[in-house]
**Q** 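The structure is given below, and queries will be raised subsequently.
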Amino acid sequence: MSETFLSELTGSFSTPSGGNPTVAMVEAAYKHHKLNFRYINCEVQPKDLANAVLGARAMNWAGFNLSIPHKVSVIQYLDGLGQSAQIMGAVNCVVNRDGKLIGENTDGKGFLQAFKKVDSPSGKKIAILGAGGAARAIAVELALDGAKDFMIINRDEKRGQDLVSLLKTKLQVSAQFVAWSAKFKIPDSIDVLINATSVGMADSGSYDLDIDHTSIKKTMIVADVIVNPPQTNLLKSASSIGAKTIDGLGMVVNQAVIGVKYWTNFDVEPTIMHAELQRVLKL
Ligand code: NDP
């Protein structure tokens with residue numbers, strides 16, 4: 001075959017974008033598998049998002065990720081939405097399908113894949129701390145995969161109630177909002193506890209969730225969305241009593257694997273991305 005000097009383009013639009021390690025993971029996978037694709041991390045302000053999407057269209061990009069603050073506002077510039085993105089009203093991955101830009105959401109799908117290595121969501125009673133983008137994505141995918149009973153614990157009541165009503169009306173599952181009170185006790189009936197807040201992130205300044213750690217039971221599965229550090233105080237305390245834990249690295253690697261599959265139709269090796277993420281974040 002003759003040499004081509006033209007690569008397929010993919011990337012990410014966000015601001016601030018400098019701390020986003022996805023580019024390192026994805027480029028490592030492209031290189032390892034000799035895929036003729038490139039991933040470019042782009043700093044895009046909200047006022048420039050429409051033009052950034054037009055630019056991607058003009059250059060026939062294979063697709064792109066969206067991160068803060070564009071996951072909702074990008075929808076108006078797209079040609080259609082996948083099922084879970086439609087339900088969530090948020091897109092983190094756009095795929096060029098025969099010239100049409102279709103919005104998908106891979107955050108929750110990445111979590112679900114990591115979760116299914118440990119157990120099935122079916123029939124589980126799930127408590128989610130937080131009700132922001134990550135919580136919505138996780139709750140919707142778990143419900144689409146058979147989870148039927150949710151407790152959403154959040155400080156801001158409106159955000160919590162919005163997620164509860166989304167789960168009830170669009171996914172017909174049982175869901176309850178609980179206002180976050182000090183030293184929150186996780187009810188004994190909970191099978192799966194998920195931290196989907198930003199508490200625990202290295203640069204968030206707050207590492208300890210305001211929960212009663214003694215209320216975590218050995219029989220619970222405890223998951224955290226925080227990528228850095230992967231062993232949050234929540235996960236440390238859960239594993240110290242023998243509970244099964246799931247860290248945020250699996251979620252972030254899986255969502256990148258799913259995105260690359262959408263763009264290239266190729267199944268990349270997750271361990272390549274995992275190792276590169278650990279290398280660049282010095283984990
Ligand atoms: P959002 O801003 O949409 O939501 C943040 C949530 O955290 C809200 O529910 C907020 O509560 C809650 N929260 C923030 N601070 C506190 C606190 N001190 N105590 C209790 N609750 C708090 O953010 P995202 O949902 O997009 O992201 C949340 C986290 O998930 C981030 O750390 C992000 O990096 C991570 N993430 C990880 C992914 C992965 O692949 N591993 C993918 C996507 C996100 P309130 O509504 O009351 O303000």
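When a ligand or atom number is given, it counts from 1 through the structure's own listing order. The analysis underlying the following values was restricted to heavy atoms, covering all of them including side chains, and did not include hydrogens, waters or symmetry mates. Quantities reported herein were computed from a predicted structural model and do not represent experimental measurements.
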**Q** With heavy atoms under 4.0 Å as the rule, classify the contact between M251 and ligand 1 as side chain, backbone, both or neither.
**A** both

**Q** Does F111 come within less than 4.0 angstrom of ligand 1, counting non-hydrogen atoms of the residue?
**A** no

**Q** Can we say E104 and R97 salt-bridge, meaning some charged N sits less than 4.0 Å from an Asp/Glu carboxylate O?
**A** yes

**Q** Do V94 and W61 have side-chain heavy atoms sitting under 4.5 Å apart?
**A**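 No, their side chains stay 4.5 Å or more apart.
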
**Q** Could a heavy atom of G110 be found less than 4.0 Å from some atom of ligand 1?
**A** no

**Q** If the cut-off is 4.0 Å to any non-hydrogen atom of A196, which atoms of ligand 1 fall inside it?
**A** 28 (C)

**Q** May I ask you to check whether R155 has an N/O atom sitting below 3.5 Å from an N/O atom of ligand 1?
**A**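 The answer is yes, given that R155 and ligand 1 share an N or O pair closer than 3.5 Å.
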
**Q** Taking only heavy atoms of W180, which atoms of ligand 1 are found under 4.0 Å from at least one of them?
**A** 20 (C), 21 (N)

**Q** Take atom 2 (O) of ligand 1 and look for protein heavy atoms under 4.0 Å from it; say yes if you find one, no if not.
**A** no

**Q** Does any N/O atom on D156 come nearer than 3.5 Å to any N/O atom on ligand 1?
**A** yes

**Q** Under 3.5 Å, is there a donor-acceptor pair between the N36 and S7 side chains?
**A**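 N36 vs S7: donor-acceptor pair found between side chains.
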
**Q** May I ask you to say whether K109 pairs ionically with D145, meaning some side-chain N is under 4.0 Å from a carboxylate O?
**A** no

**Q** Just by distance, no angles: are the side chains of T106 and Y262 close enough, under 3.5 Å, to form a donor-acceptor pair?
**A**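 Checked: T106/Y262 side chains show no N/O donor-acceptor pair below 3.5 Å.
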
**Q** Between R159 and ligand 1, is there a nitrogen or oxygen pair with a distance under 3.5 Å?
**A** yes

**Q** May I ask you to identify the nearest protein heavy atom to atom 14 (C) of ligand 1, giving residue, atom name and distance to one decimal place in Å?
**A** S198 OG, 3.5 Å

**Q** If you measure from each non-hydrogen atom of L209 to ligand 1, which part falls under 4.0 Å: side chain, backbone, both or neither?
**A**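 Neither part.
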
**Q** Which is closest to atom 24 (P) of ligand 1 by heavy-atom distance: A134, G130, A131?
**A**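 Heavy atom nearest to atom 24 (P) of ligand 1 belongs to A134.
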
**Q** Check each of G132, A137, G250 against atom 5 (C) of ligand 1 and report the one with the nearest heavy atom.
**A**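 The residue whose heavy atom sits nearest atom 5 (C) of ligand 1 is G132.
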
**Q** Just jot down the ligand 1 atoms closer than 4.0 angstrom to any heavy atom of M201, in number order.
**A**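 Atoms satisfying the 4.0 Å criterion: 31 (C), 32 (O), 34 (O).
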
**Q** Closest by any non-hydrogen atom to atom 6 (C) of ligand 1: pick that one out of T197, N195, N228.
**A**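 Heavy atom nearest to atom 6 (C) of ligand 1 belongs to T197.
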
**Q** Quick one: nearest non-hydrogen protein atom to atom 23 (O) of ligand 1, plus distance?
**A** G133 N, 4.5 Å

**Q** Does L112 reach the side chain of K116, with side-chain heavy atoms less than 4.5 Å apart?
**A** yes

**Q** Does one side chain, of K148 or S174, offer a donor that lies under 3.5 Å from an acceptor on the other?
**A** no

**Q** Numbering the atoms of ligand 1 from 1, which are under 4.0 Å from a heavy atom of I226?
**A**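 Answer for ligand 1: 32 (O).
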
**Q** Going by atom types alone, do N195 and D224 pair a side-chain donor with an acceptor below 3.5 Å?
**A** yes

**Q** So do K124 and D149 actually touch side chain to side chain, heavy atoms under 4.5 Å?
**A**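 A side-chain contact is absent here, since even the closest heavy-atom pair is not under 4.5 Å.
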
**Q** Are any of the side-chain heavy atoms of D247 and I226 separated by less than 4.5 Å?
**A** no

**Q** Atom 11 (O) of ligand 1: which of N154, V252, I128 has the nearest heavy atom?
**A** N154

**Q** With rounding to the nearest 0.5 angstrom, report the CG to CZ distance, L163 to F150.
**A**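 Between L163 CG and F150 CZ, I get 8.5 Å after rounding to 0.5 Å.
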
**Q** Could you give the distance from CZ (F266) to NZ (K34), rounded to the nearest 0.5 Å?
**A** 10.5 Å

**Q** Output yes when the distance from some N or O of ligand 1 to some N or O of V199 is under 3.5 Å, and no in every other case.
**A**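 Min N/O separation from ligand 1 is not below 3.5 Å for V199.
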
**Q** I need the atoms of ligand 1 closer than 4.0 Å to a non-hydrogen atom of V227, numbered in the order shown.
**A** 41 (N)

**Q** Between G248 and ligand 1, is there a nitrogen or oxygen pair with a distance under 3.5 Å?
**A**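 By distance alone, the answer is yes.
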
**Q** If I compare all heavy atoms of I186 with all of M220, which pair ends up nearest, and what's the gap?
**A**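 Answer, listing the atom of I186 first, then M220: CG2-CE, 3.8 Å.
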
**Q** As a check for students: among I153, V225, L249, I211, identify the option with a heavy atom nearest to atom 36 (N) of ligand 1.
**A** V225

